[in-house]
Structure formats: structure tokens, C-alpha cells
Protein chains: 2
Amino acid sequence: MSALRRTSRPVYQQIADELRDAISGDGIGPDGRLPTEAELVERYGVTRGTVRQALAVLVNEGLVVSDRPRGYFVRRRRHMTYRPQQELLVTDGAPAMDRFHRSVAEEGRTPSQTIDVSIVVPPREIATRLRLNAGETAAVRRRVRSIDGEPFNINDSYYPLSIVQGSEIVLPHDIARGANRVLAELGHRQVGLRHHLISRMPTPSERHRLQLSPGTPVTVHYLTGYTAEGIPVRAVENVLPGDRHEVLIEDGQVPPDNESST
Amino acid sequence: MSALRRTSRPVYQQIADELRDAISGDGIGPDGRLPTEAELVERYGVTRGTVRQALAVLVNEGLVVSDRPRGYFVRRRRHMTYRPQQELLVTDGAPAMDRFHRSVAEEGRTPSQTIDVSIVVPPREIATRLRLNAGETAAVRRRVRSIDGEPFNINDSYYPLSIVQGSEIVLPHDIARGANRVLAELGHRQVGLRHHLISRMPTPSERHRLQLSPGTPVTVHYLTGYTAEGIPVRAVENVLPGDRHEVLIEDGQVPPDNESST
DNA sequence: TAGTGGTCTAGACCACCAG
DNA sequence: TGGTGGTCTAGACCACTAA
């Protein structure tokens, strides 16, 4: 039993600190197992409640995950690179799903996606960006992309109904040549994009849809596509789990790199 | 006492759900106060431990903050727009601190910053981006920007020592014309930038330096500046609290917007 | 000084799943 | 079926601060 100083710092914080140090140091590696609650109770001479408080700290920091009834484990990060520029502007490049598909397959894993199309009154963030009036509807293509059957990110694309009504954008199928191309054919070619990125904790619904562990924030990527006339014709809400994504943006003249892309 | 169904869903989750609904609905507005723990104990007929479990859920979602001994309050978000493009490429625009200063002052608030310069072996993320060998040192300018005396973000800029040795970049003062300009004068003009953005929970050190409440993730923005020869001459680690920042990036031809900038 | 949330104890029963 | 973590009870003492 390693003695805990009776400083002002709460006991559960001291326990959390020692475990955190063991994780960032060489004590417990990625995917490594932490001591059981019972072991910690004995080691520190405290009750289970206190031990659980310490573990909750690490869980909420995203360092540790509890996999009942196996125990607590150190989380491993695995970042896929997300390139909003590639993904979005190129009307004549490969469409987004193709690139996702290819880059995942390159790693020997299996990509998939679900598509669901509907007509809705969009949330405020979207309505504002599309300059819709209160109550005005839009077409939305909701996608969940998965890798090896596990959800990876959420991609909801909204289009003003007046523009896409009757086109294949409102059909619940993948659009092989890309929705951007279809918009262009309808006379609404996008020439500019505005990206908004915010970081927050997921909503319960997002946590459920993306099967996020506690302590995992999301990056929400709002994208607005404008025509040459400055009219917004597309607004996307992309929800990217922080433990699976990094966003890469290049500006000006940069040397080539060697990362996988999504 | 409102009855709780005895479904499989844990009681503390049901309490958290009801409080969350009250917050997202019209029940409790921003800065509004939640019932006290004692009130919740009575209302739901459970012990304080269970009530505290429910409140912890909301705190870790970033929805609620405990301000002892006043009570629990609904958090308010206040986003400042961060524009990595403006901030960084323009060798001949206003330097970053100037823009931060101006946009904060425009809101009638008081900006400030601390600068601290030292020679260090940089962390892995930086060393890799600067293509330094193991153990090689770099000059770092560490800044904490504050608004009304409260820390707002962390901005640590690293430069290869071989390049900036003896220049004013290694002096602990603000550089009025901008560090980019100085680099250019030294013959290392940047013509390209690579931005990496990741979202994660803060480290204990970051939580302390930025005075973050529980449930607040950070966006970490890594920036690498390259010369025309493709040589990295600057690597920045920017830590942006998720409850205070949104990142804005524009690509191609977009209509003007009306936001404050940082 | 009264009331708030923060910490900690000592116990109980449960669901789940690898052995 | 044994051991894991998940949930919940019933209490205690404490530090802080607004009234």
C-alpha cells in the first residue's frame, strides 16, 4: 500500500495522478490494463467509491475506457486524416465517398455508409447558413460512414429545396459522380467554401450514433458552398469524433506529405 | 416528487435526462441556476450520491458548471472567431497580436498577453514538423493571450535555432512587425502553411493554464510554415478552448461575412 | 452563520461474460 | 460460476462564501 500524503489535494486526485503518470510514462502502454478497482482499494487503503472517483477522472479525460467486465484499459488513438479542401471544392475530382472508400480499403479495412434522405426544417446552424427563413424546408442527405461496421463519422448535407427539387439529390442512393457535380449541372456550380470548425462534447444522440466512449469530444465541421453569385447552395454538418480524426488544411505552396486521407 | 419509471435505464441517467431537457428547452436558460442537490434529493426521492451522479453527467457534457457554494449553473458559450489563414500567411498584413488586440478592444474588453522565450528540446509533434533530429533544440516563444485578465488561448511558436539564433525572435518582447516579417528578413520567407487540427480533452496542465471547466475540450492547432524550398521554418502549437473558439477558413470565392475575428 | 457543493466511508445488490 | 465494473443507499465531516 503506497502511502498518500495528507495534503490538501484530494485523495482521489492523487490516485488519478499516479495512474496518469503510469500511463504517460512507461508503466502502462496503449491497450494496457489498469489495476482492478479491488486492487486499487487495497493498494491505497481507501473505499471503492474513492477509487471509482479517481478512475472517473481518467475516463473523462479520454485516457481510459472501462470495458466491463474485463476491466479498465488505456485508450489508443487512431487518427484518420480528413481534408475538407479535397473533399469539397473539386467538382471534377473523385467524389467524397470514393476517396473515403479508397483510403480505407488501402489499409485493408472495410468501408461502408448508410444514406437517408428527407425533407426537413433544418436546425438553426444550417438554416442561417443557407439563409432560409424560419420554418423553410430543405432537403437533407444524412450519411453515417463506417469502418469495419463501426460508425466513423456523420455527414449531413442540406440543400435548399427550391434548387434540388426533383433531382437525384433527393433520392436515397449514392451519387456516383458526386452531389457537387449534380448541383453544377443544375446551374449552381460552387466556386467558394466557408469552413467553420468547433469543438465540443457530443450530444447524447451523437454519442449513441457514433458509439463514442466517455471523454471523447467531437469536432463539428460546418461547410457552406457558394456559387459565383455568392448564393449558398449547400450546407454540411460533419460530426468528427476527436479520437478518430485529424483535420488537415494546406495553404499556399507546401511540400508533399505522406499521410492517409479521408 | 416526480415518479421515476423503474425501467432498466439507471435512475441517475433519467434525472440527467430531465435536467438536460429543461436546459435545451425553455426550462432553464443560459446562466440559469439548477435546483440544489438537496432539492433534487427530495424531488426524486434518491440519495445525494445518485443526484451527484446525474449532475456529473451534465458537467462532463459541458452543459453545466458547479460554482461552489452558489450552486450549479447552465453554461454559456461565447465564441470568438479564429482565422488561421489571416493569422498566418500574410507577411505584410498586421501581425497576429495586433488583430487579436483590435478585435477584442472592439468589443469593449481588455486584451493582454504574456510572452516567455526559451531554448528547448521541443515535443515530438513539433520536432517532427520541424524535421529536427532527436535531442535537437529549438527556440520557442510561448504566449498566453487573455481577455479581461482571463486566459483565452495558448500559442507556442517554435523556430529552428540555427535560423533564429541572435535575432530578435529569441528576445522576450512582442515583435511589432510580426515574427513572420523577421523570418523573411532573415531570408526564410514562408510561402506555404500546413494546418493540423485535432480535438481532445485538455491535459491537467492545460486545464490549469487556461482555467478550463470540466467538460471543455480543446482544439489543438498545429501550424507548419514552409519556405519556397519546402523547408519548415516555423511550427506553432495553438491550444484553443472549445467553449471560446470557432475556427473559420475560407476557400475560393465567398461572399463577405460579418463576424469578429481573432 | 446558514447553506452550498466537495470528499470519503461502509456497505449492498446487480448484470455481464470469460473460464 | 467467479470476478468484473455499474448502481444505489445512508451517513459523516469539511471548505467556502454570501447574507
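Chain letters run A, B, ... following the sequence lines, proteins first and then strands; every chain starts at 1.
Using a 4.0 Å cut-off between charged nitrogen and carboxylate oxygen, B/R78 and B/E246 do not count as a salt-bridge pair. In this structure, A/D243 does not pair ionically with A/R77, as no charged nitrogen and carboxylate oxygen lie closer than 4.0 Å.
Distances were taken from every side-chain heavy atom of A/T50 (C-beta onward) to each of C/dA12, D/dC8, C/dT9; the shortest belongs to C/dT9. The side chain of A/P10 has C/dC8 as its nearest neighbour among C/dC8, C/dT4, D/dT7. Out of D/dT7, C/dG5, D/dA10, the shortest distance to the side chain of B/T47 is found at D/dA10.
Within residues 63-74 of chain A, the residues that have a heavy atom under 4.0 Å from DNA chain D are, in order of number, A/S66, A/R68, A/P69, A/G71, A/Y72.
With sequence neighbours left out, the side chain to side chain donor-acceptor pair (under 3.5 Å) criterion links B/D17 to B/R9, B/R20.
Taking every heavy atom of both residues into account, A/G29 and A/V74 meet most closely at O-CB, 3.4 Å. Closest non-hydrogen pair, A/N153 versus A/V239, comes out as CB-O, 3.4 Å. A/S157 and A/R143 make their closest contact through OG-NH2, 3.5 Å (heavy atoms, listed as atom of the first residue, atom of the second, distance).
Counting to the nearest Å, the C1' atom of C/dG3 and the CD atom of B/E42 are 15 Å from each other. Between B/Q13 atom CD and D/dC8 atom C1' the separation is 14 Å, expressed in whole Å. We find that CG of B/L55 is positioned 14 Å from P of D/dC8, with the value rounded to whole Å. As rounded to whole Å, 13 Å separates atom P of C/dT9 from atom CG of A/L40. Taking atom CZ on B/R52 and atom P on C/dG6, their separation rounds to 5 Å, with Å as the unit. Atom OH of A/Y44 is separated from atom P of C/dC8 by 14 Å (rounded to the nearest Å). Atom CD of A/Q53 is separated from atom C1' of D/dG6 by 16 Å (rounded to the nearest Å). Rounded to an integer number of Å, the gap from B/R48 CZ to D/dC13 P is 14 Å.
Taking a pair as Watson-Crick or G-U with both hydrogen-bonding distances under 3.5 Å, the stems of three or more pairs touching DNA chain C are C:1-18 with D:1-18.
Aromatic rings of A/H245 and A/H79 (six-membered ring for Trp) have centroids beyond the 6.0 Å cut-off, not under it.
Cation-pi contact between B/R145 and B/F152: absent, since separation from the ring centre below 6.0 Å together with deviation from the ring axis within 45° is not met.
With hydrogens and angles left out, the side-chain atoms of B/T216 and B/R244 include no donor and acceptor closer than 3.5 Å.
The shortest distance between the side-chain N/O atoms of A/Y12 and the OP1/OP2 oxygens of C/dC8 is not below 4.0 Å.
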